[in-house]
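Taking it in order: structure first as structure tokens, then the write-up.
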Amino acid sequence: AVQLLRRALGNDDGREQVTGFHMPGELLGLDGIGSGKYNGNALSLEDAEVCVLPFSLVEELGREIPVMQRHLHGVLSREIVRDHGVMLLLGSMRAEERLATFLLNLSKRFVRRGYSASDFHLRMTRDELGSYLGLKLETVSRLFSQFQTERLIDVQQKHVRILDVTGLERVLAAVERERETQRRRRRREFRAAIVGYTNAGKSTMFNALTRANVFVEDRLFATLDATT
């Protein structure tokens, strides 16, 4: 079995935000290099072996062995790329894209370690996966059921088989095509904005210009909803 560690940050309200799942060969604790302290915690999801590397020793070896220093720079670069990928995942992707991207990425990481690209166990809970993907538990469950119905994957509890890699990739392509269609449509539309502190002022002007008779509420920072 592949050893898997979960990395998470604690929120002010006591809840945890999962920020990553790490496999053998990947480094943890890089967030502590600059500040001297870690911003989160790591939890092994199964029996695992961890090798502790004091950063002072890594720096010393890097000065003595240039190849190792270059390797360290490469590791830091990949961590930056990974963080950017997570931001993209959470900031711009739809729910189905997030799960499809996660499964495809996990598949590639298994292959690099000599395991099957299409048959593996998800050691994390659905709740932990939802926390990482920025999705509610019921959304994660719904998407697994949807992908299974579409014969993209087969799910038996935590055992997952990818049946159609191309189909998962098409999920990403289809959503991107829809986005591009929406972008083209928006470019053809004429838009104007009415700016003001209260909704009453904006609504009054909007009604005078369009005779739309939208709802007027004299309240600071109220939102103008032209569909009301």
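Values below: all heavy atoms of this structure, side chains included; hydrogens, waters and symmetry mates excluded.
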Inset, instruction - State, with a plain yes or no, whether a side-chain heavy atom of Arg161 is found less than 4.5 Å away from one of Phe120. - result: no
Legend entry - Backbone N/O of Ser118 and side chain of Ser107: donor-acceptor pair under 3.5 Å: no
Inset, instruction - For Ser77 and His73, indicate whether the former's side chain and the latter's backbone hold a donor-acceptor pair under 3.5 Å. - result: no
Inset, instruction - Compare every heavy atom of Ile153 with every heavy atom of Leu103, then report the nearest pair and how far apart it is. - result: CD1-CG2, 4.2 Å
Legend entry - Neighbour count above 12 (heavy atom, 6.0 Å) for His71 NE2: no
Legend entry - Pi-cation contact, Phe21 with Arg7 (under 6.0 Å, within 45°): no
Legend entry - ILVMFWY network linking Leu28 to Val58, side-chain heavy atoms under 4.5 angstrom: no
Legend entry - Shared hydrophobic cluster, Leu143 / Val155 (ILVMFWY, side-chain heavy atoms < 4.5 Å): yes
Legend entry - Distance-only donor-acceptor check, side chains Asp154 and His159, under 3.5 Å: no
Inset, instruction - Examine distances only and state if a side-chain atom of Glu26 and a backbone atom of Met23 form a donor-acceptor pair shorter than 3.5 Å. - result: yes
Inset, instruction - May I ask you to check whether over 12 heavy atoms, not counting those of Tyr38, lie within 6.0 Å of atom OH? - result: no
Inset, instruction - Working to the nearest 0.5 Å, report the span between CG of Leu133 and OG1 of Thr139. - result: 10.5 Å
Inset, instruction - Taking all heavy atoms of Leu152 and all of Val171, pick out the closest pair and write down the distance. - result: CD1-CG2, 4.0 Å
Legend entry - Minimum heavy-atom distance Val140-Gly130, with the two atoms named: CG2-CA, 3.6 Å
Legend entry - Path from Leu27 to Leu9 over hydrophobic side-chain contacts below 4.5 Å: no
Legend entry - Path from Tyr115 to Val111 over hydrophobic side-chain contacts below 4.5 Å: no
Inset, instruction - Return the minimal non-hydrogen interatomic distance between Val52 and Pro54, and the atom names on each side. - result: O-CD, 3.7 Å
Legend entry - Test side chain to side chain contact (heavy atoms under 4.5 Å, CB included) applied to Leu106 and Leu122, step by step: CA-CA 10 Å; Leu106 202 63; Leu122 296 180; 3.4 Å; yes
Inset, instruction - Heavy atoms only: give me the nearest Leu129-Met124 pair and the separation to one decimal. - result: CB-CG, 4.0 Å
Inset, instruction - Indicate yes or no for a side-chain donor-acceptor contact from Gln17 to the backbone of Ser131 under 3.5 Å, with no hydrogens or angles considered. - result: yes
Legend entry - Lys/Arg N to Asp/Glu carboxylate O, Arg6 vs Glu16, below 4.0 Å: yes
Inset, instruction - Taking the side chain as every heavy atom from C-beta outward, state whether Leu104 and Glu169 have any atom pair closer than 4.5 Å. - result: yes
Legend entry - Gap between atom CE of Met68 and atom CD of Glu60 - 0.5 Å precision: 10.5 Å
Inset, instruction - For atom NZ of Lys158, decide whether the heavy atoms of other residues, nucleotides or ligands shown that lie under 6.0 angstrom number more than 12. - result: yes
Inset, instruction - Answer with yes or no whether the hydrophobic clustering places Leu163 together with Phe102; edges join I, L, V, M, F, W, Y residues whose side-chain heavy atoms lie under 4.5 Å apart. - result: no
Inset, instruction - Verify, without hydrogens or angle tests, whether Ser145 (side chain) and Ser141 (backbone) share a donor-acceptor contact under 3.5 angstrom. - result: yes
Legend entry - Under 3.5 Å donor-acceptor, Glu64 side chain and Leu61 backbone: no
Legend entry - Glu96 side chain reached by Leu172 side chain, heavy atoms, under 4.5 Å: no
Inset, instruction - Of all the heavy-atom pairs spanning Leu4 and Glu46, show the shortest one and how long it is. - result: N-OE2, 3.4 Å
Inset, instruction - Evaluate whether atom CD of Glu49 has more than 12 neighbouring non-hydrogen atoms of other residues, nucleotides or ligands under 6.0 angstrom away. - result: no
Inset, instruction - Start with the C-alpha gap between Thr101 and Met93, add the side-chain angles, then the distance that decides, and say whether side chain to side chain contact (heavy atoms under 4.5 Å, CB included) holds. - result: CA-CA 9 Å; Thr101 298; Met93 289 187 176; 3.6 Å; yes
Inset, instruction - Dump the intermediate steps for side chain to side chain contact (heavy atoms under 4.5 Å, CB included) on Leu5 and Leu43, then the final yes or no. - result: CA-CA 6 Å; Leu5 280 80; Leu43 174 69; over 6 Å; no
Legend entry - CD on Glu150 to CZ on Arg170, rounded to 0.5 Å: 10.0 Å
